[in-house]
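Read the structure below first, then the notes.
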Amino acid sequence: MNLAALPSVEKLAQQLVRDSNLPKSLVVGFIKRQLVPCRERLMAGEELTRDDITAEIAQALASFENSRLRPVLNGTGILIHTNLGRAPLGHRAAKAVYDVATNYSNLEIDLETGKRGTRGGFLEESLAILVEAEAATVVNNCAASLVLTLRALIEEGKTEVIVSRGELVEIGGGFRIPDILETSGAKLVEVGATNKTHLRDYEKAITERTALILKVHRSNFYLDGFTGEPELEDLFQLAKDHNIPLVEDLGSGALMHTDQLAPIEHEPRPQEQLGRGIELVLFSGDKLLGGPQAGIIAGRADLVAKIKQEPFYRAVRPDKLILTALQEVVIDYLTIKDDPTRLDLVPVLEMLSQSPEDLQAKAEALQKRIDGPSEIVPTTGATGGGTMPKSQFPSLAVRTTNKPDLPNLFTRVENDLHHTDPRTLRETKTWPQP
Ligand SMILES: *Cc1c(COP(=O)(O)O)cnc(C)c1O
């Protein structure tokens, strides 16, 4: 046992802090934590020199520093890449976040009366107008919107939630709809078969204990072949006859006609589903919508009001920065409605709408920045992030043997060759220091 091999924290910190951009207190704390297992290994008899330990800790500190959240370059051509932070926010919305973040704001004050105002009131009203719903509200993410909605709409003796077996999806990160459903206190009643669910399957499952019928949009996989499900209009009539709310978890929540933006399928829009009889839709803020992480609940005003009264709502309500970001993205959508040429306001929409021809110049410019041989080849892009599994669209990529030497670049590797798709490659813009 040679505990003398342990370096002095102070000396090591002085040495390592020079090569890092971290405050010294963080480096000191990090070293202390690293030394704990080193000491144990020495006590266990491992032969370790001071140089070994120093080198190991320097390496660990570099990895730790690299894990700090920062902008990266997405050359994968996948628009909504959950590992790369899903949708990038537009600059106009991001600037509004900066302004609200660094100043006091009218978060819960009515500027006209000076009295207490409604938190998120402007956002809720604008969202309702955008998705053509009676009312809307926002929570931290779509998973939270599902748990909250179920909690609010079940009651003593009425806890059963009917879901088709074809819709019991895993939404990512290992989370499955049945598990999310049970955490809310609801009891899952599965109906139908994996490939087919009939209206009569739903009908037979309805009892006096039924709280609601839940539809879950198959947002990250598709069923093909001998499949079938009842028409939404028929399901709505059935739910209405039994006075049971019909709720749909849409997952992505594309607000635009995706099939008009790109040569891909049509993703059901919240406004369409509400128009077809769904009484509440739930969808994500940071998938195809292109906003911040959020879960949006829109539909019947009495149901939305009930949801906002559920105590759990307080635990999942978003902060002012998210409210600001989403508010501005909603404004962007309404601006685009007035002027369809303004897709640039919402990066995801702009990137989705570009054709390979539109990307040619960007690909050539990228080639010039890359050392060594490269060629421009046709590829396919995808929406990704558990959205629209069938939707692949033609794109372009700069193909190289080595990964292009750009900071924190992610490429798509096919047949050992790097493909950098200019569609998702955005110029890294960082905020000017005030
Ligand atoms: C992605 C997804 C969710 C989860 O959305 P988050 O905003 O990530 O919580 C829920 N349901 C479906 C169908 C989804 O596709």
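No hydrogens, no waters, no symmetry mates; every other heavy atom, side chains included, goes into these values. Note that ligands are numbered from 1 as they come in the structure, with each ligand's atoms numbered from 1 the same way.
- Between Ser395 and the choices Arg423, Gln354, Met351, the side-chain contact (heavy atoms from CB on, under 4.5 Å) rule is met once, by Arg423.
- Close approach to His217 involves these atoms of ligand 1, each under 4.0 Å from a residue heavy atom: 13 (C).
- Between Thr420 atom OG1 and Phe410 atom CZ the span is 12.0 Å, to the nearest 0.5 Å.
- Residue contacts with ligand 1 include Arg86, since one or more of its heavy atoms lies under 4.0 Å from the ligand.
- In this pair, His257 and His266 present their aromatic rings tilted. The plane angle is within the 30 to 60° band.
- With salt bridges taken as basic N to acidic carboxylate O contacts below 4.0 Å, none links Lys403 and Asp405.
- Geometrically, ligand 1 and Leu250 share no nitrogen or oxygen pair separated by less than 3.5 Å.
- Residue Arg369 qualifies as open at atom CZ: its count of foreign heavy atoms under 6.0 Å is 12 or below.
- Checked against a 3.5 angstrom limit, the closest N/O atoms of Ala143 and ligand 1 fall inside it.
- Here is the list of ligand 1 atoms found below 4.0 Å of a heavy atom in Asp249: 10 (C), 11 (N), 12 (C), 13 (C).
- Within the 4.0 Å heavy-atom cutoff, Arg218 does not count among the residues contacting ligand 1.
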